[in-house]
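Residue numbers start from 1 in every chain, and the chains themselves are labelled A, B, ... in the order their sequence lines are given, proteins ahead of strands.
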2 protein chains.
Amino acid sequence: MKSSHKLSDAVHILTYIELLPNDDLSSAAIARSVESNPSLIRRLMSQLTQAGLLTTQAGKATPKLSRPAATISLRDVLHAIDPAPQLLSIDDKTNPQCLVGGNIQQTLNDVYEEVQTAAEAKMASISLQSIIDELLVHAANKPTD
Amino acid sequence: MKSSHKLSDAVHILTYIELLPNDDLSSAAIARSVESNPSLIRRLMSQLTQAGLLTTQAGKATPKLSRPAATISLRDVLHAIDPAPQLLSIDDKTNPQCLVGGNIQQTLNDVYEEVQTAAEAKMASISLQSIIDELLVHAANKPTD
DNA sequence: ACACATGTTACTTTAAAAATAACAGGATTG
DNA sequence: CAATCCTGTTATTTTTAAAGTAACATGTGT
């Protein structure tokens, strides 16, 4: 499969809006930064808006974070773009007649849930603000700016 | 993308070999349990063998775990089939001219590594034996067996 | 009215995984 | 030693979910 980077793009969008509030915040401008297309950006922004992370206005390029960046976690962003994220995926086509094939799915489901919970706990501890702070450190440390 | 379930299949294979040692352990038989094809099974088994988790013999259908199932972790299996697993994926095509686009990749790389480490720590704590034990509980609790 | 924006739906392209095929060799049996 | 079944590996085709693109109804401000 082609691995999804929707989460990365969503974080990118939120960071852009928070860090460059005086720039052009149209979907076209953000798309130029993401090197993607405006339609994709609008779809992601729509999901972020529906999740209550972003405030937008139809017709006006004036998106704003709905809450302080310090109170938005990476997990919040993930759940905004995917209500039931699965980092690990189960093979749902196994032989039900077999002891292993017939029980491995439920078993792995339990196991993967543990891993998912651990990963999401870490994600819940990482705020958009900390990501922005780190990005600025990276930018400051660049040789040629 | 199509999300990979190689990890699930690899666990399935190891579980099958450990739990049904007196059954036919040919790639064709295992493929019937996974509902996949023998070639795929052989490729996965080859990776597991190279990682030192499985002992196989060309020409003979007699695979065996190289170590006790209690000493094989889910993380070991993951690394056997993918030396550099990435649960979250970065968008590697962003505008380098932009403050955000030019620094988001390194930033997310750091952030995702934290999440990856948390997930892998949990995976390291889950043994193949515990997965097998849980599978047997599931099998025992099935209404119609 | 016009220019430009969002929000949403539908369609096309793409790339990674899975499926399949093929075959060189090892093992076992009669 | 021929026949048969197996493994291990490579190459090719098919599938499918994400990304890319297009289109358009509708909101906004001059």
Side-chain angles (χ1 to χ4, degrees), chain A residues 1-10 12-13 16-17 23-32 34-51 53-64 78 80-82 84-95, chain B residues 1-10 12-13 17 23-51 53-64 78 80-82 84-95:
Chain A
M1 96 186 157
K2 182 187 296 189
S3 193
S4 173
H5 41 66
K6 274 165 70 177
L7 178 62
S8 296
D9 289 347
H12 188 145
I13 291 168
Y16 192 97
I17 291 169
D23 281 32
D24 180 1
L25 297 183
S26 67
S27 58
I30 298 174
R32 258 172 262 130
V34 177
E35 287 196 355
S36 176
N37 60 79
S39 197
L40 183 76
I41 301 297
R42 289 203 290 274
R43 255 176 300 168
L44 280 172
M45 285 177 70
S46 174
Q47 290 188 275
L48 294 168
T49 300
Q50 275 173 36
L53 302 184
L54 209 58
T55 306
T56 57
Q57 210 177 335
K60 291 180 69 176
T62 57
K64 278 195 57 178
L78 176 65
I81 59 165
D82 184 350
Q86 306 259 203
L87 265 40
L88 297 171
S89 85
I90 290 179
D91 185 346
D92 60 353
K93 203 196 78 184
T94 59
N95 189 344
Chain B
M1 89 188 166
K2 182 190 292 185
S3 193
S4 173
H5 41 66
K6 273 165 71 177
L7 177 62
S8 297
D9 289 347
H12 188 146
I13 291 168
I17 291 168
D23 282 31
D24 179 0
L25 296 183
S26 68
S27 59
I30 298 174
R32 257 172 264 130
S33 176
V34 178
E35 288 196 354
S36 177
N37 60 80
S39 197
L40 183 76
I41 301 297
R42 289 203 292 274
R43 253 176 301 163
L44 279 173
M45 285 177 69
S46 174
Q47 291 188 275
L48 294 168
T49 300
Q50 275 173 37
L53 302 184
L54 209 57
T55 305
T56 56
Q57 210 177 337
K60 290 180 69 176
T62 56
K64 276 195 58 178
L78 176 65
I81 59 164
D82 184 349
Q86 305 261 200
L87 265 40
L88 297 172
S89 85
I90 289 179
D91 184 346
D92 59 354
K93 204 197 77 183
T94 59
N95 189 343

#### Entry: Nearest atoms (heavy-atom pairs only) where A/Lys6 meets A/Ile81
C-CD1, 3.6 Å
### Task
May I have the step-by-step check of side-chain contact (heavy atoms from CB on, under 4.5 Å) for B/His12 and A/Asp91, ending in yes or no?
CA-CA 10 Å; B/His12 188 146; A/Asp91 185 346; over 6 Å; no
### Query
C/dA5, D/dT10, C/dA17: which one has an atom nearest the side-chain heavy atoms of A/Ala61?
C/dA5
#### Entry: Gap between atoms CD1 and P, on A/Ile30 and C/dA5 respectively (whole Å)
12 Å
#### Entry: Short side-chain to backbone donor-acceptor contact, A/Ser36 and A/Ala31, under 3.5 Å
no
### Query
Quick one: is C/dA18 close enough that its OP1 or OP2 comes under 4.0 Å of any side-chain N or O from B/His5?
yes
### Query
Toward the 5' end of DNA chain D, which comes first, B/Thr62 or B/Lys93, by nearest nucleotide?
B/Thr62
#### Entry: A/Leu40 CG - D/dA17 P separation (whole Å)
18 Å
Can you check nucleotides 28-30 of chain D for protein contacts, nitrogen or oxygen pairs under 3.5 Å, and list what you find?
from   : atom 1 : to      : atom 2 : distance (Å)
D/dG29 : OP1    : A/Lys60 : NZ     : 3.0

### Query
Do side-chain atoms of B/Ser89 reach the backbone of A/Ser4 as a donor and acceptor pair under 3.5 angstrom?
yes
### Summary
Here the distance between atom P of D/dG20 and atom CZ of A/Arg43, to the nearest Å, is 10 Å
### Task
Could you tell me which residues satisfy side chain to side chain contact (heavy atoms under 4.5 Å, CB included) with B/Glu35, sequence neighbours excluded, listed by chain and number?
A/Lys93, A/Asn95, A/Pro96
### Message
Check this one for me: any side-chain N or O of B/Thr56 less than 4.0 Å away from OP1 or OP2 of D/dG8?
### Response
yes
### Task
Identify the heavy atoms of A/Ala10 and A/Leu48 that sit nearest to each other, and give their distance.
O-CD1, 4.2 Å
#### Entry: side-chain N/O A/Ser26 vs C/dT6 OP1/OP2, d < 4.0 Å
no
### Query
Which comes earlier along DNA chain D counting from the 5' end, the contact point of A/Glu35 or that of B/Ser46, where each point is its nearest nucleotide?
B/Ser46
### Gap between atoms CG and C1', on B/Leu25 and D/dC5 respectively (whole Å)
15 Å
### Query
Atom NZ of A/Lys64 to atom P of C/dA5: distance rounded to whole Å?
21 Å
### Query
If we ignore angles and hydrogens, is there a donor and acceptor under 3.5 Å between the side chains of A/Ser26 and A/Asp24?
yes
### Short side-chain N/O contact to C/dT6 OP1/OP2 from A/Ser27, under 4.0 Å
yes
### Query
Which is true for B/Thr49 with a 4.0 Å heavy-atom rule: it touches a base, it touches only sugar-phosphate, or it touches nothing?
nothing
### Summary
When rounded to whole Å, the CG to P distance for the pair A/Asp24 and C/dC4 reads 12 Å
### Query
With distance as the sole criterion, do the side chain of B/Ser39 and the base of C/dA19 form a donor-acceptor contact below 3.5 Å?
no
### Message
Rounded to whole Å, how long is the line connecting atom CE of A/Met45 with atom P of D/dG27?
### Response
18 Å
#### Entry: B/Thr94 OG1 to A/Asp9 CG distance, which is reported to the nearest 0.5 Å
9.0 Å
### Query
Within this structure, what is the CG-to-C1' distance between B/Leu44 and D/dG8, rounded to whole angstrom?
13 Å
#### Entry: Base of D/dT21 paired with side chain of A/Arg42 (donor-acceptor, under 3.5 Å)
no
